[in-house]
Amino acid sequence: MPIAWPYIAAVGGGVALSHLILLLILLFRQRQERSRKISLAYLGVALLWGIAVTLADLQAVFLPIVTDTADMLIPVFATGMTVALAALFCAYMELPILSILATAGGTWGGILFVAALVLRFHPLPAIPFLEVTLGGWCLLSLLLIVLAIVGWRRSHLALTRNRVLYWLMAFIPLLGGQAASLQPIGPLRGLGPVLHLIGAVPLVHGVLSMWLPNVKASLRSILRFLLLAGVTAAFLTGIVWGAETLNERLPRSVPRVTLVWVLASVVALVYLPLYRLLERLVNRLMRGVGFDPAQALRDYSQTIGTLLDLEQLATVAIGTAAEVLGIRQGALLVATETERGGLLLQPVPGLGDVPGESLELEPISPVLSRLREQTGPLFQYEVEHHPVLREAATREREWLRALGMEIFLPIRSQDGLIGLLAFGPQKGGEPYEPPAVEFMMTMANQTAVALQNARLFEGLQALNARITRLNETLRTAYERLEKMDRAKTDFLTIASHELRTPLTQVRGYVDVLRDLAESGTLSNEQVQRISANIDRPARRLENIINAMLDASRIETEGLDLHFVPTSLSLTMRLAIEPWSAALEERNIILTTEGLESIPAIQADIERLCQAFSNLISNAIKFTPDGGRIIIRAQPLDDDHFEVTITDTGIGISRADLDLIFEKFYRAGSISLHSSGEYKFKGAGPGLGLPIARGVIEGHGGCIWAESEGYDERRCPGSTFHVVLPYRAHRGPCRWQRPSTG
Ligand code: ADP
């Protein structure tokens, strides 16, 4: 029987009005998100579609030109709606095919719309318009389902999965309503818009609100209710059926009132306990996340009261939550305010695979503001989908995502935010229900004191370690100072010896000269011999005094150097030449390598010669007779070259490698001192190396010594490295010395 047109008009009008209200609600919301715009478009098309369905059914009221046109447009609008629905889902899940889908779907919808209008007035039976349109709609609906499955698989957060499930639930009446409208004219088609409205309400709610009901839990409740209702119905049916049978079988003499009374008592006695038992059974069968937080919280607060170690605290906190809530991953994030006003988060893993890198939240980070301003938990879902939190720096969002957590619970003390308890997803992958969140919040509150204690303890430990380190540095500095002090004291002895020896020689020869002169036996030849003997100690005296002056000048104003073009080989030849007699006497072989490979240099030739000469004299002095000295030169980079002077001498202990460059410092004991210039182990006043360093550094170079150690028997030798720029310059050395590990 055809439905009367006033009913059709009333239902159609009502549904259209409801769609319009939904559209207006969406329109007057402030948020300008992409998903809101797409859903506006969706509802707009849905409104037209609902009107078309109603008009098409009102054949008794309108002319065929209206009803037939509306009829042709129904599948076109349905296509447009499915395209918009798929685009909405892609936008929300950030699936990369959104723009392709919107362009292709929009074009397809446009073509269908124009074709429908053209074919309406110029029918072409050869074109199967309806079949093509319906086929397209079916494919699009299938695509939507596939997209929902892909979205489900891509989302790793329980709350995001819940949203996908929510959309899926809404898709059923939405697509069902569209499918109904594609049926031939009749009551089922008229129901299409009504069914669609049932899906449109949750759709709008889903677009506008961040928080959606837990779909799985709601489905479980519905199922539980249906199960209990079904079993109760079966029980009551059994009772009624039993009553009827008894009524027939029992003799008439038994009063029926008694029968009713007995049955009522049986039901009253059995029903309630039976129902409870049943309820418990059903609950166990369909258990969500059930737990007893009270005992767990008591145990937790007792255990953490004695903990002073951050790692242990994290393990106990996350372990407790894992036991109670069945989580698989969690960490304690220790929070420290930074000087810039940001917050440094350092993860301390408690369970599962937690990345160890820390993150500094920017002072203007929306995540930080959210954590500071609101006392409640922060969900990772919010970080990914909340329009404000999505504005956080990519670095922050990626770090949070990489942690793989579901929820963050702030731990606060009087000083503000001191940490976060971070928990991963539950084993079943369901969103945390309010009781679970409440439990975690209580845990976070209880953790505050323990965390503060653990941090204080850690701070103390760090302080302790620092004091130990400082002590060590102080001891080394003290030892160094002590050595330097000894060197200075030794210097007085050495200097007096160094100065007195040549002076005594000079005075001795002067006395001889005077005696000879007084006795009148002084020959020319004698004068020459004696003056040569006076000249040697006098020059030695001059050298020592010059060295002292140089050393003190290096320390005060620095050497006055004049850089001129020269060559390394010439400088080295001048430095070696004065030692040829000594080398011969001590039977030491000195060889050079690669000097010629160094291109022209700019240097103070006299001073550089002095520096190398000091190094060569040391090599001779600390190498036993018959030893070897090798001088090598090699380019290092475009601006620097290196000279090494290696000997087969007694070596230098590691502790002395730096100290020997200090003024007056000598590695051996004072008893080794000799005023001879090249006697084996004949240490001088301890000025040769400080002067060499002053000269090399004055050229913008650097110098250091290497040796396996001091051993007079084995003679491990020493190597002095000198790095110089081709063009000498003032200021520090620009060459980076490779670390020796
Ligand atoms: P000195 O006048 O004592 O030679 P230096 O400053 O030239 O003063 O050297 C300081 C100390 O460094 C020397 O006394 C010696 O102990 C050590 N030293 C320097 N060169 C060598 C070397 N080639 N082999 C071993 N020890 C060396």
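This chain uses plain numbering: 1 for the first residue, then up along the sequence. Order of listing sets the numbers, starting from 1, for every ligand and every atom in it. As a basis for the values below, the full set of heavy atoms in this structure was taken, side chains included, without hydrogen atoms, waters or symmetry mates.
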Can [X] be said to touch ligand 1, with heavy atoms closer than 4.0 Å?
X: Leu687; result: yes
X: Pro690; result: yes
X: Phe661; result: no
X: Gly651; result: yes

(message) If only side-chain N and O atoms count, and only distance matters, is there a donor-acceptor pair under 3.5 Å linking Gln526 with Arg529?
(response) no

(message) Taking 4.0 Å as the limit for heavy-atom contacts, which would you say applies to Asp647 with ligand 1: side chain only, backbone only, both, or neither?
(response) side chain

(request) Of the side chain and backbone of Tyr665, name the one, both, or neither that has a heavy atom under 4.0 Å from an atom of ligand 1. (result) backbone

(message) What I want to find out is whether Glu642 reaches Arg632 closely enough, with some N-O distance under 4.0 Å, to be called a salt bridge.
(response)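 The answer is no: the pair does not qualify as a salt bridge.
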
(request) Could you tell me whether Arg507 and Asp511 make a salt bridge, using a distance below 4.0 angstrom between a side-chain N and a carboxylate O? (result) no

(request) Under the ring pair (Phe, Tyr, Trp, His ring centres under 6.0 Å) rule, what do Phe563 and His699 come out as? Steps first, then yes or no, please. (result) CA-CA 8 Å; Phe563 305 135; His699 279 71; 5.0 Å; yes

(request) State whether the shortest distance between N or O atoms of Gly686 and N or O atoms of ligand 1 falls below 3.5 angstrom. (result) yes

(request) Return a yes/no value for Leu689: is any of its N or O atoms, backbone included, closer than 3.5 angstrom to an N or O of ligand 1? (result) yes

(request) Quick one: list whatever passes side-chain hydrogen bond (donor to acceptor under 3.5 Å, both in side chains) with Thr566, sequence neighbours left out. (result) none

(request) Take the angle between the ring planes of Trp704 and Trp735 and call it parallel below 30°, perpendicular above 60°, tilted in between. (result)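 Because their plane-to-plane angle is under 30°, the rings of Trp704 and Trp735 count as parallel.
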
